[in-house]
Amino acid sequence: IPESGHKYYLQFSTEDYRTGEDAGNCLATVLYPKKKSPPAVSIKCSHTKDQKEIQEEDNRLYQRIRHQSKPITGNNIPDSYGNIEPALEPVWALAVAGSSSIMWEKSTETVGYFLAQVKSVRQWIREDDFIEFDYTVLLHEIPTQEIISCHMRLKWLPGHPLKVKHFCASESHAVDEGSGAESGSAAGPSAEKGANF
């Protein structure tokens with residue numbers, strides 16, 4: 001689109017991250033603006049799981065985390081063999097969801113990211129019902145093959161959007177951009193700018 005950028009029309013299928021089951025089909029338009037900013041996305045999906053089933057799964061994940069006898073901590077998830085301890089699977093699931101908002105903000109038309117590893121994670125004890133974690137995540141940048149380290153603070157309560165703050169740094173970029181509060185969900189992240197860490 002002259003003066004605006006490139007617009008893409010996509011049709012794709014989705015799958016449940018944990019089980020690999022079909023989760024539905026989506027149609028999307030993505031406009032990458034000429035100026036450096038996140039893409040403008042319009043998306044419509046048909047889901048094979050109903051909303052009640054998704055809420056039940058969210059609640060099971062939440063209850064599993066809430067009923068730990070002590071705050072969760074961990075390092076190198078997955079390990080060098082690709083294994084994730086069963087006790088750390090909920091922490092990994094939240095890292096996948098939270099880091100997707102970072103990847104959303106940082107990705108461009110020519111550069112994309114994948115979550116490579118949770119380098120470290122620590123749970124914060126809160127007085128309210130929310131659960132909160134501090135993560136250091138490693139993102140794999142494509143096509144440069146660079147590994148980007150990001151600090152991520154994540155806060156979640158079922159029925160509420162995931163709140164993510166992040167700050168990323170890399171050797172080649174010295175200090176990279178950070179974010180304020182990010183809201184995101186499996187349905188699609190949306191950004192709310194705020195103060196940096």
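Keep in mind it's a predicted model, so treat the numbers as computed, not measured.
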Quick one: pull up CD in Gln117 and OG in Ser80 and give me the separation to the nearest 0.5 Å.
8.5 Å

Within this structure, what is the OH-OH distance for the pair Tyr32 and Tyr8, rounded to the nearest 0.5 Å?
7.5 Å

Taking every non-hydrogen atom, the tightest pair across Arg66 and Asp129
NH1-O, 3.6 Å

According to a 4.5 Å side-chain heavy-atom criterion applied to Ile, Leu, Val, Met, Phe, Trp and Tyr, with indirect links allowed, do Leu88 and Leu61 form part of one hydrophobic cluster?
yes

Between CD1 of Ile102 and SG of Cys168, what distance do you get to the nearest 0.5 Å?
5.0 Å

Mind checking whether Thr14 and Cys26 have side chains closer than 4.5 Å, heavy atoms only?
yes

Are any of the side-chain heavy atoms of Cys45 and Ile43 separated by less than 4.5 Å?
yes

Between Arg60 and Arg64, is any pair of side-chain heavy atoms under 4.5 Å apart?
no

If you count heavy atoms of other groups shown closer than 6.0 angstrom to OH of Tyr9, is the number above 12?
no

How far apart are the closest heavy atoms of Pro33 and Leu31, and which atoms are they?
CD-O, 3.3 Å

How far apart are the closest heavy atoms of Ile131 and Ile65, and which atoms are they?
CD1-CD1, 3.7 Å

Pairs involving residues 82-93, ordered by first then second residue, that meet side-chain hydrogen bond (donor to acceptor under 3.5 Å, both in side chains) (sequence neighbours left out)
Tyr17-Trp92

Hydrophobic cluster membership, with links at side-chain heavy-atom distances under 4.5 Å among I/L/V/M/F/W/Y: are Trp104 and Leu10 in one?
yes

Straight-line distance of Leu94 CG to Leu162 CG, nearest 0.5 Å
6.5 Å

Spacing of OG1 belonging to Thr48 relative to CD belonging to Glu53, to within rounding of 0.5 Å
8.0 Å

Is the closest side-chain heavy-atom distance between Leu139 and Leu115 below 4.5 Å?
yes

For atom CD of Gln11, decide whether the heavy atoms of other residues, nucleotides or ligands shown that lie under 6.0 angstrom number more than 12.
no

Taking every non-hydrogen atom, the tightest pair across Gly112 and Ser107:
CA-OG, 3.9 Å

Please identify which of these residues, His140, Glu141, Glu105, meets the side chain to side chain donor-acceptor pair (under 3.5 Å) condition with Tyr113.
Glu141

Please assess Glu57 against Asp16 for the test side-chain contact (heavy atoms from CB on, under 4.5 Å), listing each intermediate value before the final yes or no.
CA-CA 11 Å; Glu57 285 183 8; Asp16 185 289; 4.0 Å; yes

Run the side-chain contact (heavy atoms from CB on, under 4.5 Å) test on Asp58 and Gln55 for me, step by step, so that the C-alpha distance in whole Å, both residues' side-chain angles and the decisive distance to 0.1 Å come before the verdict.
CA-CA 5 Å; Asp58 280 356; Gln55 288 170 348; 5.5 Å; no

Among residues at least two apart in sequence or on other chains, which ones pass side-chain hydrogen bond (donor to acceptor under 3.5 Å, both in side chains) with Lys119?
Asn76

Could you tell me which non-hydrogen atom of Pro90 sits nearest to which non-hydrogen atom of Pro86, and how far apart they are?
CD-O, 3.9 Å

Answer yes or no: does atom CZ of Phe130 have more than 12 heavy-atom neighbours from other residues, nucleotides or ligands under 6.0 Å?
yes

Compare every heavy atom of Pro78 with every heavy atom of Ala116, then report the nearest pair and how far apart it is.
O-CD, 4.0 Å

Are side-chain heavy atoms of Glu109 and Val30 found at a separation under 4.5 Å?
no

Close side-chain approach of Leu154 to Trp124, heavy-atom, < 4.5 Å:
no

Taking Val96 as the starting point, is it possible to reach Trp156 by hopping between hydrophobic residues whose side chains are less than 4.5 Å apart?
yes

Hey, what's the ring geometry for Phe133 with Tyr135, parallel, tilted or perpendicular (30° and 60° as the breaks)?
tilted

Applying the side chain to side chain donor-acceptor pair (under 3.5 Å) criterion to Glu132, which one of Lys155, Lys163, Arg153, Gln123 satisfies it?
Arg153

Membership question, hydrophobic clusters at under 4.5 Å side-chain separation (ILVMFWY): are Met103 and Val118 in the same one?
yes

To the nearest 0.5 Å, what is the distance between OG1 (Thr136) and CG (Asp134)?
7.5 Å

